[in-house]
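Quick caveat, the model's predicted, so the values are computed rather than measured.
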Amino acid sequence: MEELYINREKFDNYEDFYKNYKLTIPENFNFGYDIMDKLAEKKPDAPALVWTNDEDDYLEITFSKMKELSDQAASFFQEQGIKKGDMVMLILQRRYEFWVSMIALHKIGAVAIPATHMLTKEDIVYRNNFAKIKMIVAVTVPDVINHVNEAWKESPSLKCCAFVNELGVDRPVENPPEGWINFAEGCKNAKPFNSERVTINSDYMLGYFTSGTTSHPKLAVHDFLYPLGHITTAKFWQQVQNGGLHLTVADSGWAKTSWGRLYGQWICETALFVYDYHSKFKPIDLLHQVEKYHVTTFCAPPTIYRFLIKEDLSGIDLSSIVHCSTAGEPLADEVYNKWMELTGHEIREGFGQTETTVCIFNFGTEKVKPGSVGKPSPYYDLHLLDDDLHDVGVGTVGQIAFKLNKEMFPDRNGRFPGLVCEYYGEPEKTAVAFHDGYYFTGDQAWKDDEGYYWFVGRCDDVIKCSGYRIGTFEVESVLQRHPSVLECAVTGAPDPIRGQVVKATIVLAKGYEPSPELIKEIQTFVKTETAPYKYPRIVEFVKELPKTISGKVMRKQIRMTDAAKANNQPVPREEPSENGEK
């Protein structure tokens, strides 16, 4: 389907791609009708979604079946009073009903709000009331049901809730939550769907709450052109195969699913593979699924790759994989090199946010520099700016900002397809991100003399110690080369003399035990491998690092804990976040 929306499918090199890639913007584009229903006509029997779980339940949904199911769900939502512009929260983990619901909501013009199952009552109350959530569809995880029920009492806009069994395929729920509607039964019994287009390109179709520590989370909203921005994500970064099977490791509550398990992938006519595990994540189980179902393209955060390279891969056949990619946090070069050694595949890194599609990535014909996020995507006119909004030079750290193109997109205030429309209901926060003709990411990077970009961290994640500016990732990259370090997170810890000092929080590899001697050894190792002022003055050994559900390290939680302890205050709780840094 991508050939209908881009001018070319092949490009000679990166320069050709960046300069000449063009999107065709259709009138009143709707992903549900223009992609999914068209695919149901074009290839009705081809698999759209391959779903399995850790109990070996299996379900394959073809494109024609997906149309049937999404039409039933669209009618079901309408019967519950959901209409264009209404916001519906989906707390569905990795259940296949998530994809059915998303397409259905797009068809009727409602706004889908995916959410993680880790939300508490207070989190849900805030989201319900801020966005005026009208309906929630959730899995029958006891904590989820209980939190939603408690929040419902304080959420005037919430009119109904529907439940989805967390286990199996078409299994009855033994103790259905009182006052909730059975989603499966409601869809089966819904009247025939009257498929009438009601949306225009500028209508909102999708929103994600992005959390912070100093204020309530912001609701980043995207319009109906957002899926077209992800053609680049799927085709040119993840390199999904027409007729292939793509796996992105992500929970449906996070934007990574929109990135890697929905829009661009289906536009490019690949099937999606979903592994719905309920027990604690075991890397070896994931690899067995890749082998069993012949996954062709694979995308996971660096944390997952770090776990995978520790496994014995000698008895696992990964020959079906043709391409690997990663995003979410910087990829250490030793992880890249080890994965290449074990599998023969490069890992092509990319960068982006909940507010964007893939902004920077390693293009297929370009050499990979391990540790670099690559070069800018088309439409992303990337600038690295200093505090005075001047472009910095090669080798100098600046904030990543994208210049808005008001000549090309005058009716969208310069915002190209895929870029966030606004922070819903908060013009002040929107103005912080959009001003002076740019969108400001809040992330920092530097560019080398070949045009490759190197991620540094959040603007507030650079350690300032005794006048030095130290990027956390550069220290982590050194630490991860020490044989005792399984995982680590580098943060700035409060210090009365230096302001901040470098702190390393470390999970030790098997065979190593915490000791003052090991701390000194690690510190000496860093001093000899990089500039001595970057060495961690504080080393803390822990059994596990705080992480998001998608496996990214929550450095902010470590900083918050250290700051609270330094001030003899209670440790604050950080809301669940996809990347742990926003």
Side-chain angles (χ1 to χ4, degrees), residues 1-9 11 14-31 34-35 106 199-208 210 220-238 255 258-260 262-264 267-268 327 350-361 363 373-385 391 399-424 430-443 445 453:
M1 299 293 291
E2 72 269 18
E3 70 273 9
L4 300 176
Y5 301 103
I6 57 177
N7 60 331
R8 290 163 58 186
E9 294 186 70
F11 297 87
Y14 169 76
E15 287 72 22
D16 180 28
F17 171 63
Y18 184 77
K19 292 178 181 178
N20 297 313
Y21 176 90
K22 294 292 183 295
L23 276 172
T24 299
I25 308 298
E27 185 176 356
N28 301 335
F29 175 78
N30 186 298
F31 182 81
D34 295 313
I35 299 300
H106 295 341
T199 63
I200 60 175
N201 288 343
S202 59
D203 287 334
Y204 293 156
M205 62 163 258
L206 176 67
Y208 286 98
T210 65
V221 286
H222 292 280
D223 63 22
F224 274 83
L225 290 183
Y226 174 69
L228 296 181
H230 276 303
I231 295 177
T232 303
T233 306
K235 186 173 184 63
F236 297 101
W237 172 47
Q238 295 174 335
S258 292
W259 270 52
L262 186 52
Y263 300 117
I267 293 174
C268 295
F351 165 83
Q353 301 179 313
T354 300
E355 292 88 343
T356 69
T357 60
V358 67
C359 311
I360 315 170
F361 70 99
F363 185 68
V373 290
K375 297 181 179 181
S377 299
Y379 294 105
Y380 286 92
D381 184 1
L382 195 158
H383 293 254
L384 297 179
L385 303 179
D391 286 272
Q399 181 176 178
I400 302 170
F402 302 112
K403 194 169 185 179
L404 305 177
N405 193 327
K406 293 187 178 182
E407 293 183 2
M408 185 175 291
F409 302 105
D411 58 334
R412 297 170 59 82
N413 200 26
R415 292 164 168 81
F416 42 86
L419 184 62
V420 66
C421 298
E422 66 167 338
Y423 293 117
Y424 182 79
T430 302
V432 171
F434 290 95
H435 61 87
D436 294 287
Y438 292 92
Y439 166 71
F440 293 84
T441 65
D443 287 309
Y453 287 80

If you measure only the distance, is there a donor-acceptor pair under 3.5 Å linking the side chains of [X] and [Y]?
{"X": "Tyr263", "Y": "Ser258", "answer": "no"}
{"X": "Asp443", "Y": "Gln353", "answer": "yes"}
{"X": "Asp16", "Y": "Asn20", "answer": "yes"}
{"X": "Tyr380", "Y": "Thr357", "answer": "yes"}
{"X": "Gln399", "Y": "Tyr438", "answer": "no"}
{"X": "Tyr208", "Y": "Glu355", "answer": "no"}

Is there a ring pair (Phe, Tyr, Trp, His ring centres under 6.0 Å) between Phe416 and Phe402? Walk through the geometry before answering. CA-CA 10 Å; Phe416 42 86; Phe402 302 112; 7.1 Å; no
[X] side, atom [atom1]; [Y] side, atom [atom2] - distance, nearest 0.5 Å:
{"X": "Phe351", "Y": "Tyr453", "atom1": "CZ", "atom2": "OH", "result": "12.0 Å"}
{"X": "Thr233", "Y": "Leu262", "atom1": "OG1", "atom2": "CG", "result": "11.5 Å"}
{"X": "Thr232", "Y": "Tyr18", "atom1": "OG1", "atom2": "OH", "result": "11.5 Å"}
{"X": "Lys375", "Y": "Phe361", "atom1": "NZ", "atom2": "CZ", "result": "11.5 Å"}
{"X": "Leu225", "Y": "Asn201", "atom1": "CG", "atom2": "CG", "result": "4.0 Å"}
{"X": "Tyr204", "Y": "Phe224", "atom1": "OH", "atom2": "CZ", "result": "12.5 Å"}

Among residues at least two apart in sequence or on other chains, which ones pass side chain to side chain donor-acceptor pair (under 3.5 Å) with His222?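 By the side chain to side chain donor-acceptor pair (under 3.5 Å) rule, His222 matches no residue at all.
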Contacts of Thr356 that satisfy side chain to side chain donor-acceptor pair (under 3.5 Å) - sequence neighbours left out: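 Scan of Thr356 (side chain to side chain donor-acceptor pair (under 3.5 Å), adjacent residues dropped) gives none.
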Could Arg415 and Asp223 be called an ion pair, given the rule that one side-chain N must be under 4.0 Å from one carboxylate O? no
Would you name the heavy atoms of [X] and [Y] that are closest together and state the gap between them?
{"X": "Thr24", "Y": "Leu4", "result": "CB-O, 4.1 Å"}
{"X": "His435", "Y": "Val432", "result": "CD2-O, 3.2 Å"}
{"X": "Lys235", "Y": "Cys268", "result": "CB-SG, 3.6 Å"}
{"X": "Ile231", "Y": "Leu23", "result": "CD1-CD2, 4.1 Å"}
{"X": "Ile400", "Y": "Thr441", "result": "O-OG1, 2.7 Å"}
{"X": "Pro26", "Y": "Leu228", "result": "CD-CD1, 3.7 Å"}

Is it the case that over 12 heavy atoms from other parts of the model lie below 6.0 angstrom from the NZ atom of Lys22?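 Above 12, so yes.
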Aromatic ring centroids of Phe440 and Phe434 under 6.0 Å?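 For Phe440 and Phe434, the ring centres are not under 6.0 Å apart.
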